[in-house]
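Okay, structure first, notes after.
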Amino acid sequence: MQPEHLANRFKDAILPQVLATPVMILVIENAALNAIRPFLDAGESAVGTAVDVRHLAATPVGRDVRATAEVVRVEGKRVDFKVSASDGIDEIGSGSHQRIVIDLRSFNERLAKKAQTAT
């Protein structure tokens, strides 16, 4: 865990030097994407669409945080996961996560159109 991952950098400087919840969620989302990456076709990825995670325990500076993601349901392009995170001592987070498989080319085309209309 790096200093930029700490709650006192994200929110209130008087907070203890512990892992920030958004960083824990990032680790969980990365675990979910990595779990399905071998099954994606060339030109595909998956974007997060829902996160329902509880942050259960504080993680002090110096601990490694690891997450696991288990696919529990696939429905079309939607993939649902059971997720958890640990700091090697405690389970620090658990819950569910959802991702949607996307075609990167068409996703980027839609994004470019949206960017043009936003200006």
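Note: hydrogens, waters and symmetry copies are ignored here, and every other heavy atom, side chains too, is used. Counting begins at 1 with the first residue of the sequence.
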Heavy-atom pair of closest approach, residues M24 and I92: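 Of all heavy-atom pairs spanning M24 and I92, the closest is SD-O, 3.6 Å.
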Heavy-atom closest contact (V53 atom, S96 atom, distance):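 Reported closest heavy-atom pair: CG2-O, 3.9 Å.
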Reported CZ-to-CG distance for the pair R105 and N108, which is rounded to 0.5 angstrom: 10.0 Å
Pairwise distance CD1(I25) to CG(N30) - rounded to 0.5 angstrom: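 Separation between the atoms: 12.0 Å.
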Does the side chain of [Y] come within less than 4.5 Å of [X]'s, by heavy atoms?
{"X": "D80", "Y": "V71", "value": "no"}
{"X": "E91", "Y": "L56", "value": "yes"}
{"X": "T68", "Y": "V83", "value": "no"}
{"X": "R99", "Y": "F81", "value": "yes"}
{"X": "V18", "Y": "T59", "value": "no"}
{"X": "I102", "Y": "L104", "value": "yes"}

L40-V79 co-clustered via ILVMFWY side chain contacts under 4.5 Å: yes
Enclosure of R78 CZ (heavy-atom neighbours >12, cutoff 6.0 Å): yes
Short side-chain to backbone donor-acceptor contact, D87 and I89, under 3.5 Å: yes
Name each donor-acceptor pair under 3.5 Å that joins a side chain in residues 41-51 to protein atoms two or more places apart or in another chain, with its distance.
unit_1: E44; atom_1: OE1; unit_2: D41; atom_2: N; d: 2.8
unit_1: T49; atom_1: OG1; unit_2: Q98; atom_2: O; d: 3.4
unit_1: T49; atom_1: OG1; unit_2: Q98; atom_2: OE1; d: 3.0

Lys/Arg N to Asp/Glu carboxylate O, K113 vs E109, below 4.0 Å: no
